[in-house]
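Read the structure below first, then the notes.
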Amino acid sequence: MDPTTIPTWVYAVSNFGFPVVMTFYLLLRFDKKLERVNQVIIELANVIKNK
């Protein structure tokens, strides 16, 4: 995490509350992981299809 973004996080927590900020952060992280899972499933389907 970049030190210049820390004030942004502090501002967000103070205005929106800790649970809302943590939920948003976790959703962003899970979104990246879900995209990768989707890619792997498509690759797996292609492998199965080609057999």
Side-chain angles (χ1 to χ4, degrees):
M1 181 180 289
D2 189 333
T4 59
T5 61
I6 292 175
T8 305
W9 282 102
V10 171
Y11 176 75
V13 169
S14 66
N15 281 334
F16 302 111
F18 183 76
V20 173
V21 172
M22 283 306 297
T23 301
F24 183 70
Y25 174 74
L26 291 173
L27 284 174
L28 288 177
R29 287 186 49 94
F30 287 140
D31 182 50
K32 293 176 186 174
K33 294 182 187 299
L34 287 176
E35 287 178 15
R36 179 64 183 139
V37 168
N38 190 31
Q39 290 173 347
V40 170
I41 290 173
I42 291 171
E43 291 173 12
L44 180 61
N46 288 336
V47 168
I48 292 171
K49 182 179 173 182
N50 291 333
K51 283 193 172 187

## Note on the structure
The side-chain contact (heavy atoms from CB on, under 4.5 Å) partner of Leu44 among Ile42, Asn46, Ile48 is Ile48
### Query
How far does CZ of Arg36 sit from CD1 of Ile41, to the nearest 0.5 angstrom?
11.0 Å
### Message
Could you tell me if the side chain of Asp31 sits less than 4.5 Å from the side chain of Leu27, heavy atoms only?
### Response
no
### Co-membership, hydrophobic cluster, residues Leu34 and Tyr25, 4.5 Å side-chain
no
